[in-house]
K.L.:
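I'd like to ask some things about the structure below.
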Protein chains: 2
Amino acid sequence: MSYTYQYPRGALTVDCVVFGFDGGGLKVLLIKRGIAPFKGEWALPGGFVKVEESLDEAARRELQEETGLERVFLEQLYTFGEPGRDPRERVVSVAYFALVRPEVYQMRAATDADDAQWFDLDELPRLAFDHPEIVEMAHQRLRGKLRYEPIGFELLAEKFSLSQLQYLYEAVLGVPLDKRNFRKKVQSYDLLIPLEEKHRDGPHRPAQLFKFDPDKYQELKGKGFLFEI
Amino acid sequence: MSYTYQYPRGALTVDCVVFGFDGGGLKVLLIKRGIAPFKGEWALPGGFVKVEESLDEAARRELQEETGLERVFLEQLYTFGEPGRDPRERVVSVAYFALVRPEVYQMRAATDADDAQWFDLDELPRLAFDHPEIVEMAHQRLRGKLRYEPIGFELLAEKFSLSQLQYLYEAVLGVPLDKRNFRKKVQSYDLLIPLEEKHRDGPHRPAQLFKFDPDKYQELKGKGFLFEI
DNA sequence: TTGGCTTTGTGTGAAATTTACACTTTAGTT
DNA sequence: AACTAAAGTGTAAATTTCACACAAAGCCAA
């Protein structure tokens, strides 16, 4: 018996919503399309999946090829497959969301390649395809996850101050948080390792730096611990 | 310029993890494969996506064709795309999870078609492909969602007693819950409409029946309300 | 060196929520 | 009429959340 399938095939792509944080608001990385359709318009980085690679690999490869980004936090988001979402033919896209640290963010912002640029999440330009919908879902997911999983650290430098962490939470969740209560809570889990170093910046009191302890988190998680801000 | 893509294409399928609840434990609906590969083994209901249909439509169609189920709660779960997950060639599968009410569950359990059967979630037979992994993820997702979204009602009859609701939560979450505290909490949201009718069953005190008010939930959700058990 | 600026860092009491816990009511069966 | 089994109900203690204000540190400029 033959293994040939009787169904016609569409194409399969991956698209990545890459978030960055610069201390102010959330940013999203977009690329300017060099080819039709939507040539010259902004779009999410992404592209076709090769037959011999996994979806995650495809997402990482496209991110690397189109934006130069490597070793970022990457997680599958949702698969978009409405017929007609690509004007050419049936294209199903597995969307990912990615979080990058400020070092990376600043690096990419510096190289003024005008075909890859950071935009404020709430001031995005017109986007190709159904990419606005994808970005919207990624934003919702990020907001939802931040409350229950310690992924915010992926948007900060390895060493960060509690104020920086708080600014991040305020930016993503869109609400102001009480400084004392916030610090009490995040420190209560014992997942932040206080470092010797201090962060100095401007003519102010320098801030204690911390780093997140992912191993300890994994260990606690195994015992049913639930991170929650 | 031509719109022909330079990448070879794999096939695209949908697979559904269908959960049912009979007052005892969680059940999963499986079908016996009639064709190779894995002919004669149990597998998740699912099949190939047609070019002109959306992914959701494909999932509903396959469910209908293979199990007769219609009008079920259906939500996209995750997309599985490891090369090699299908021994024939590259097949990417968009997995869904579905929740069915006991009426439906009992109906399907009655028709003793031996090519579609309910199994206890914790006593599943050997499964084809990477379906064990898919079931595992669906179970996790169900557990996670149940705490924060009122989807448990999709596994109960339209009219249900508070005890039935509690048994469901206990079965899915795997922990015993305090009767009084549970009732206090679920009723505090004012999302359950008490009905005139009573449920009688056995030589016991009959139970007050309720139904869930989805409209009110949608309204509250719009105002930032968070359901939580 | 002094005063001013700006950010870090810290504690407490009131209010709200969560938790633990046991007995009465109801209907059916014998 | 007595027995059985599940439904239904309240309170007090413990814990968590929330609101809130001022001293300490370092830099800069006069």
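Sequence lines set the chain letters: A, B, ... in the order given, protein chains first and strands last, and positions in each chain run from 1.
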K.L.:
Which pairs, protein N/O on one side and nucleotides 26-30 of chain C N/O on the other, fall under 3.5 Å?
P.N.:
| unit_1 | atom_1 | unit_2 | atom_2 | d |
| --- | --- | --- | --- | --- |
| C:dT26 | O2 | B:Arg205 | N | 3.3 |
| C:dA27 | N3 | B:Pro203 | O | 3.4 |

K.L.:
Whole angstrom is fine here: how far is it from CZ in B:Phe160 over to P in D:dA7?
P.N.:
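Result: 14 Å.
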
K.L.:
According to a strict under-4.0 Å criterion, is A:Lys185 in side-chain N/O contact with OP1 or OP2 of D:dT17?
P.N.:
yes

K.L.:
Using whole Å, report how far CD of B:Gln166 lies from P of D:dT9.
P.N.:
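Atom-to-atom, B:Gln166 to D:dT9, this comes out as 14 Å.
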
K.L.:
Whole angstrom is fine here: how far is it from NZ in B:Lys198 over to C1' in D:dA6?
P.N.:
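Computing the B:Lys198:NZ to D:dA6:C1' distance gives 13 Å.
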
K.L.:
Parallel, tilted or perpendicular: which fits the ring planes of A:Tyr78 and A:Phe80, with parallel below 30° and perpendicular above 60°?
P.N.:
perpendicular

K.L.:
Taking atom types as they are modelled, is there a donor-acceptor pair under 3.5 Å from the base of C:dA20 to the side chain of B:Asn181?
P.N.:
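Flag set: donor-acceptor pair detected.
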
K.L.:
Should A:Phe19 and A:Val17 count as side-chain neighbours, where that means a heavy-atom distance under 4.5 Å?
P.N.:
yes

K.L.:
When the distance from NE2 of A:His199 to P of C:dG9 is rounded to whole Å, what number comes out?
P.N.:
11 Å

K.L.:
Report the distance from atom CD of A:Glu228 to atom C1' of C:dT17, rounded to the nearest whole Å.
P.N.:
13 Å

K.L.:
Any donor-acceptor pair under 3.5 Å between the side chain of A:Lys184 and the base of C:dT12?
P.N.:
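Between C:dT12 and A:Lys184, which were checked side chain against base, a qualifying N/O pair under 3.5 Å is present.
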
K.L.:
What nucleic acid atoms does A:Ser163 come within less than 4.0 Å of, heavy atoms only: base, sugar-phosphate, or nothing?
P.N.:
sugar-phosphate

K.L.:
Check the distance between C:dT19's P and B:Phe182's CZ and give it to me in whole angstrom.
P.N.:
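So the CZ-P distance, B:Phe182 to C:dT19, works out to 14 Å.
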
K.L.:
Determine whether A:Asp213 and A:Phe153 make a side-chain contact, defined as any pair of heavy atoms from C-beta on separated by less than 4.5 Å.
P.N.:
no

K.L.:
Sort out for me which residue in A:Glu65, A:Gln64, A:Glu57 forms a side chain to side chain donor-acceptor pair (under 3.5 Å) with A:Arg61.
P.N.:
A:Glu65

K.L.:
Side chain of B:Arg180 only, please: which of C:dT8, C:dC21, C:dG11 is the nearest?
P.N.:
C:dC21

K.L.:
Name the one of A:Leu99, A:Ile151, A:Val172 that satisfies side chain to side chain contact (heavy atoms under 4.5 Å, CB included) with A:Lys145?
P.N.:
A:Ile151

K.L.:
Show your reasoning for whether ring pair (Phe, Tyr, Trp, His ring centres under 6.0 Å) applies to A:Phe227 and A:Tyr189.
P.N.:
CA-CA 8 Å; A:Phe227 179 88; A:Tyr189 297 131; 5.4 Å; yes

K.L.:
Between NZ of B:Lys159 and CG of B:Leu195, what distance do you get to the nearest 0.5 Å?
P.N.:
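Result: 6.0 Å between the selected atoms.
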
K.L.:
Go nucleotide by nucleotide along DNA chain D from the 5' end; which of A:Asp178 and B:Tyr167 gets its closest nucleotide reached first?
P.N.:
B:Tyr167

K.L.:
Without decimals, in angstroms, what is the distance between B:Leu177 CG and C:dT18 P?
P.N.:
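Answer to the nearest Å: 14 Å.
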
K.L.:
Rounded to the nearest angstrom, tell me the gap between atom CG in A:Asp201 and atom C1' in D:dA25.
P.N.:
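Roughly 14 Å, once rounded to whole Å.
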
